[in-house]
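Structure first, commentary second.
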Amino acid sequence: MKGDTSSRYAEGSRLLSTDDVRKSKPGSRYYTAFGVDLSPDNMAVAIVYFVQGVLGLARLAVSFYLKDDLHLDPAETAVVSGFSSLPWLIKPLYGFISDSIPLFGYRRRSYLFLSGLLGALSWSLMATVVSSKYSAASSILLGSLSVAFSDVVVDSMVVERARGESQSTSGSLQSLCWGSSAFGGIVSSYFSGSFVDTYGVRFVFGVTAFLPLMTSAVAVLVNEHRIPPGERTFLLSGSGFVESSKQHVRQLWTSVKQPNIFLPTLFIFLWQATPQSDSAMFFFITNKLGFTPEFLGRVKLVTSIASLLGVGLYNYFLKEIPLRKIFLVTTIIGSVLGMTQVLLVTGLNRQFGISDEWFSIGDSLIITVLGQASFMPVLVLAAKLCPPGMEATLFATLMSISNAGSVTGSLVGAGLTRVFGVTRDSFGNLPLLIVVCNLSSLLPLPLLGLLPEESGGTDNGEMKHN
């Protein structure tokens with residue numbers, strides 16, 4: 001249920017209607033989506049998010065490759081997934097590099113271009129030479145680094161546009177971005193399973209290698225002024241770089257230690273750090289229930305649509321609701337609904353006349369909607385807390401802490417999977433594992449007071465005061 005920022009599971013979407021896309025203002029040259037002008041600059045941002053979503057084409061192939069080709073067990077798979085997420089834990093470094101070291105005169109364009117090339121290289125390796133769990137983990141990590149770096153750069157662009165806006169306005173921009181990612185997930189979801197079934201995982205990796213090149217291509221659309229050579233020389237010189245580094249570190253420390261930033265971030269970490277049983281469930285539904293890659297692709301399609309429904313739910317109904325209430329309600333409902341996986345594992349769903357396939361689709365649909373709706377305010381809050389001049393660095397820091405919580409939850413889940421004796425062929429204690437993981441998601445709720453009491457009409461200054 002929880003938003004997974006390290007792997008961008010915000011993949012699904014509600015298709016744009018005529019109310020969503022329309023002329024922005026009389027005389028405007030651009031159309032709007034979710035209230036945001038679709039200028040070339042904003043389109044570049046949306047396309048980068050779209051690429052992050054469409055890269056989900058390889059996610060199912062990776063899972064089957066680790067399970068069937070490399071013969072890893074559920075705990076090992078969870079560890080490899082956690083290791084490949086490490087680049088998301090040092091996002092502040094990418095933000096610092098992007099903010100402080102202009103490459104070829106640009107802070108955004110150049111890094112987007114190079115990130116796309118790095119992603120293409122990583123998936124090309126997966127399609128050709130990778131043959132062990134160590135080389136697979138290294139290549140996946142390289143691809144993760146590519147997405148993480150481009151994510152920092154594009155997030156900083158979003159923050160620059162959202163700063164000073166009301167929560168509802170900045171929430172519209174976040175909705176466009178995550179909606180684009182979700183639409184990319186829809187495009188890739190069904191084919192992710194059918195391609196694995198028909199052509200195999202290597203073919204999927206090869207196709208995926210072309211997708212990051214879209215990020216490189218749209219980098220030229222970014223509206224960014226080239227830094228003059230004199231200023232560039234100063235920034236890259238010894239004294240200029242050192243001074244810039246000190247200034248960023250001071251600004252970052254001054255910002256992070258403020259209670260209105262530190263306390264909400266602590267809650268988000270704890271919220272994300274509760275254990276997960278995803279790897280064990282993947283082995284159960286494929287080895288025990290016999291779900292095929294094509295069917296799992298259909299489930300991904302449903303969850304992709306559900307994810308954008310969650311974006312729409314937040315954008316149209318929840319932007320004015322206090323953060324504490326959103327987290328409280330969605331976490332409790334999500335924990336209760338997560339228990340329904342016990343019915344699937346024990347086969348009780350069949351006694352109620354519901355097939356395993358339909359039960360899985362319905363369960364994934366509801367939980368994904370709730371998860372995305374509860375994660376959207378995290379992004380809006382993080383964006384509005386960033387001071388001018390260090391958007392990439394601070395936003396990346398906040399998201400890295402959230403990602404660290406997610407990786408922690410994955411590793412704790414791997415440990416519990418090992419403790420309960422759940423393997424690729426033994427699922428006797430899987431119901432207990434599911435119950436423990438879902439109940440643990442309630443543990444952070446007593447700390448809801450760490451979140452600010454602010455509603456959608458609060459402006460930026462009021463939020464920082466709270």
Side-chain angles (χ1 to χ4, degrees), residues 5-8 38-58 87-88 90-127 138-161 173 176-178 180-181 183-184 187-188 205-229 231-233 235-236 241 244 248 390-393 395-396 399-400:
T5 57
S6 66
S7 52
R8 289 291 194 195
L38 295 180
S39 63
D41 188 49
N42 286 336
M43 283 296 296
V45 172
I47 290 174
V48 175
Y49 275 94
F50 170 80
V51 171
Q52 294 179 358
V54 82
L55 284 174
L57 178 68
W88 291 85
I90 54 174
K91 287 177 66 177
L93 176 61
Y94 318 142
F96 172 75
I97 293 174
S98 175
D99 284 340
S100 304
I101 308 176
L103 196 60
F104 306 115
Y106 296 101
R107 288 188 171 96
R108 312 302 186 212
R109 284 184 180 181
S110 302
Y111 289 106
L112 285 178
F113 181 81
L114 293 179
S115 294
L117 296 183
L118 182 62
L121 172 63
S122 68
W123 291 111
S124 297
L125 294 175
M126 288 292 292
S138 299
S139 295
I140 298 172
L141 183 143
L142 196 63
S144 183
L145 173 62
S146 163
V147 179
F149 211 122
S150 65
D151 183 63
V152 169
V153 175
V154 76
D155 278 344
S156 68
M157 297 166 60
V158 172
V159 170
E160 289 167 355
R161 290 152 180 77
L173 182 57
L176 172 64
C177 296
W178 281 78
S180 300
S181 175
F183 182 69
V187 171
S188 67
F205 296 150
V207 172
T208 305
F210 289 96
L211 300 176
L213 297 178
M214 293 176 62
T215 298
S216 299
V218 301
V220 298
L221 299 178
V222 174
N223 183 17
E224 181 182 9
H225 295 292
R226 187 181 179 90
I227 298 176
E231 181 180 347
R232 213 182 314 161
T233 302
L235 287 172
L236 296 178
F241 180 76
S244 176
H248 273 78
M390 54 177 307
E391 298 88 1
T393 307
F395 191 85
M399 290 297 97
S400 291

Exam field: side chain S150 to backbone S146, donor-acceptor pair closer than 3.5 Å = yes
Given side-chain contact (heavy atoms from CB on, under 4.5 Å), test W123 with V207 step by step and report yes or no.
-> CA-CA 9 Å; W123 291 111; V207 172; over 6 Å; no
Closest heavy-atom contact between A219 and R109?
-> O-CG, 3.2 Å
Which heavy atom in L211 sits nearest to a heavy atom in V51, and how many Å separate them?
-> O-CG1, 3.8 Å
Identify the heavy atoms of V218 and A44 that sit nearest to each other, and give their distance.
-> O-CB, 3.7 Å
Exercise: identify the closest heavy-atom pair between S122 and S139 = CB-O, 3.5 Å
Which heavy-atom pair separates G119 from P212 by the least distance, and what is that distance?
-> C-CG, 3.6 Å
Going from CG on L221 to CG on L112, what distance comes out if it is rounded to the nearest 0.5 angstrom?
-> 10.5 Å
With a 4.5 Å heavy-atom cut-off, do L141 and P87 have their side chains touching?
-> yes
Run the numbers on I97 and L93 for side-chain contact (heavy atoms from CB on, under 4.5 Å), then give the verdict.
-> CA-CA 6 Å; I97 293 174; L93 176 61; 4.1 Å; yes
Close side-chain approach of L103 and L114, heavy atoms under 4.5 Å = yes
Hey, what's the ring geometry for F183 with F50, parallel, tilted or perpendicular (30° and 60° as the breaks)?
-> tilted
Would you check if F113 and V220 make a side-chain contact, meaning some heavy-atom pair closer than 4.5 Å?
-> no
Would a distance-only check, ignoring hydrogens and angles, find a side-chain to backbone donor-acceptor pair under 3.5 Å from S115 to Y111?
-> yes
How close do S188 and G56 get, heavy atom to heavy atom, and via which atoms?
-> OG-C, 3.9 Å
